[in-house]
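Protein chains get the first letters and strands the later ones, always in sequence-line order, with residue 1 at the start of each. Just so we're clear, the structure is a prediction, and the values are computed from it rather than from any experiment.
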Number of protein chains: 2
Amino acid sequence: MKFSAPEEYGLRCLLQIARQGPGGSLTIPQVSQAEGISQHHAAKLLRILRTGGFLKSARGQAGGYTLARPAREIVVADVLDVLGGRLFNPDFCARHAGPDAACAQTTDCSIRSLWLALQTAVDGVLNRTTLQDLLQNGREMQSPSQQLVQPAHLRPVS
Amino acid sequence: MKFSAPEEYGLRCLLQIARQGPGGSLTIPQVSQAEGISQHHAAKLLRILRTGGFLKSARGQAGGYTLARPAREIVVADVLDVLGGRLFNPDFCARHAGPDAACAQTTDCSIRSLWLALQTAVDGVLNRTTLQDLLQNGREMQSPSQQLVQPAHLRPVS
DNA sequence: GCGAATCTGTACTTTTCTGTCAAGATTACG
DNA sequence: CGTAATCTTGACAGAAAAGTACAGATTCGC
C-alpha cells in the first residue's frame, strides 16, 4: 500500500501555487524550481491538475497557473483521485443491497471487505481535508518524520 | 494510493490456508489452483509469508504450508507490512518532540502530516483485524463491490 | 536405496510506471 | 508584425515492479 509518485509530487505542486494566496499564480519554471523537478515533469503534473479542474492556466508571456477555486474549497480526496485513482470505488453494493447470501463465504469477499473498510477510513481523513488545511497545517496533524515516502531515485526531501 | 499485487494475492493465499482450519495445510499446487495463479507465483508469495513468520513449511512428499500461529493471532497489518511495506514509518517525531519551529512552515511538512494522518487511519483498521476476522467476515465489514483492485492483466476475480 | 512429490532460492523476461523530449499553439509586448 | 515567453500535446526511453523459469535441496514411501 503505497502512494504513487504523481500523488506525492502533484499535490506538492498544487500546494506551491496555493501558497501564493488568492489570485496568485506561478509558471511552470517557477514550480519546477520550487519543487526541484524538471520543467517537463512539472508541466505534466500541472496539466493533470488543470484537467482535473483544480487549476486554471493562462498562456502567453504573462501566463501561469492559478487555483481554479479558493484553497478552502479544494478537497484533497478529489485531488488525489485525479492524480492517482481511488483505492476502491465507492459505488459498492449498489445492487447487493439485499441479503448478501452467496458472497459472504468467498475469500474474495473477505478481502474486498477489508479493502473497503480501508477506503472508508482513508476517505474519512481525505474528504475532510482541504488545501487550506494543509497550508495552515499543524492543527490536527502531528509533527513530521524525516523518512522518505517514495522511490529512491526521486530527490531527497529536505 | 494503491495496493500492490503481492499484497492482494499474498493475503489471499494466506487466507486459503487459514480456511483449512487449525493444523490444516495446503501445497503450492493446491494454493495455486485455488487462487488461479501459476505455481511459481504462488511459491514466491508463500515463501515471503513463511519468511515473515506467518507460515510454516514442510518439505518432502507429504509437505505443504501451515499457519505458524492460530488465525486469531495473525494481525493483517503485520501481513501487509511483509507483503508490501508500510505507507509511512511510525517512528515519527522521535527527536522532534520539542517545539516544531523550523519545519512547521514548509510544504514538505504539510504533505508529511497528511500522509501520517492517513497511516494512522489505516493502521486503526489493520491493527484490529486478524485472519480470524476475515474468515468469519461480514461483521464490521460491509458488502462487497465487483470492481477490480489491481493491474488489468491479473485474473478477473469472480 | 530409489523415485516421486514437495519446498528453496536465484536469475530472467515481461509489463507497467515514471519521467523526458520535441514540436506546436497561444498570448503579450514592443 | 515579430519576437519572446508561456502553456499543450503526443510520443519516447529508462526504471521499477510483477510474474516466470529453472536448477537444487529435502522428505516420504516403496
After noting the C-alpha distance and the side-chain angles of B:Asp123 and B:Arg86, does the key distance pass the salt bridge (charged side-chain N to carboxylate O under 4.0 Å, His left out) rule? CA-CA 10 Å; B:Asp123 284 349; B:Arg86 291 180 76 73; 2.4 Å; yes
Looking at B:Met1, is its backbone amide N or carbonyl O close enough to the side chain of A:Glu7 to form a donor-acceptor pair, meaning the two atoms are under 3.5 Å apart?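 Indeed, once roles are kept as given, a pair shorter than 3.5 Å links the two residues.
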Is it true that a side-chain atom of B:Gln30 and a backbone atom of B:Thr27 form a donor plus acceptor pair closer than 3.5 Å? yes
Under 4.0 Å between a side-chain N or O of [X] and OP1 or OP2 of [N]?
{"X": "A:Arg47", "N": "D:dT9", "answer": "yes"}
{"X": "A:Ser38", "N": "C:dG19", "answer": "no"}
{"X": "B:Tyr65", "N": "C:dT8", "answer": "yes"}
{"X": "B:Ser57", "N": "C:dT6", "answer": "no"}

Identify which nucleotide among C:dC7, C:dG19, D:dT6 has an atom closest to any side-chain atom of A:His41, counting heavy atoms from C-beta outward. C:dG19
May I have the distance from [X] (atom [atom1]) to [N] (atom [atom2]), rounded to whole angstrom?
{"X": "A:Gln39", "N": "C:dT18", "atom1": "CD", "atom2": "P", "result": "22 Å"}
{"X": "B:Arg50", "N": "C:dT8", "atom1": "CZ", "atom2": "C1'", "result": "7 Å"}
{"X": "A:Glu7", "N": "C:dG19", "atom1": "CD", "atom2": "P", "result": "12 Å"}
{"X": "A:Ile37", "N": "C:dT18", "atom1": "CD1", "atom2": "P", "result": "14 Å"}
{"X": "B:Leu46", "N": "C:dT8", "atom1": "CG", "atom2": "P", "result": "9 Å"}
{"X": "B:Lys2", "N": "C:dT18", "atom1": "NZ", "atom2": "P", "result": "11 Å"}
{"X": "B:Tyr9", "N": "D:dA18", "atom1": "OH", "atom2": "P", "result": "12 Å"}
{"X": "A:Gln30", "N": "D:dA5", "atom1": "CD", "atom2": "P", "result": "14 Å"}

Considering only heavy atoms from C-beta outward, does the side chain of B:Leu126 approach that of A:Leu114 to under 4.5 Å?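 Yes; the side chains approach each other to less than 4.5 Å.
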Using heavy atoms to find the nearest nucleotide of DNA chain C for A:Pro6 and B:Gly64 separately, return the residue whose nucleotide is more 5′.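 Its nearest nucleotide lies further toward 5', so the answer is B:Gly64.
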What does nucleotides 22-30 of chain C look like as a protein-contact string, B for base, S for sugar-phosphate only, - for none, at under 4.0 angstrom between heavy atoms? B--SBBBS-
Rounded to the nearest 0.5 Å, what separates atom CG in B:Leu80 from atom OG1 in B:Thr129? 9.5 Å
If you measure from CG on B:Leu46 to NZ on B:Lys44, what distance do you get to the nearest 0.5 Å?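 The NZ atom of B:Lys44 is 12.5 Å from CG of B:Leu46, to the nearest 0.5 Å.
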Which side-chain N or O atoms in residues 51-79 of chain A pair as donor and acceptor under 3.5 Å with protein atoms at least two apart or in another chain?
unit_1: A:Thr51; atom_1: OG1; unit_2: A:Arg47; atom_2: O; d: 2.9
unit_1: A:Arg69; atom_1: NH1; unit_2: A:Glu73; atom_2: O; d: 3.3

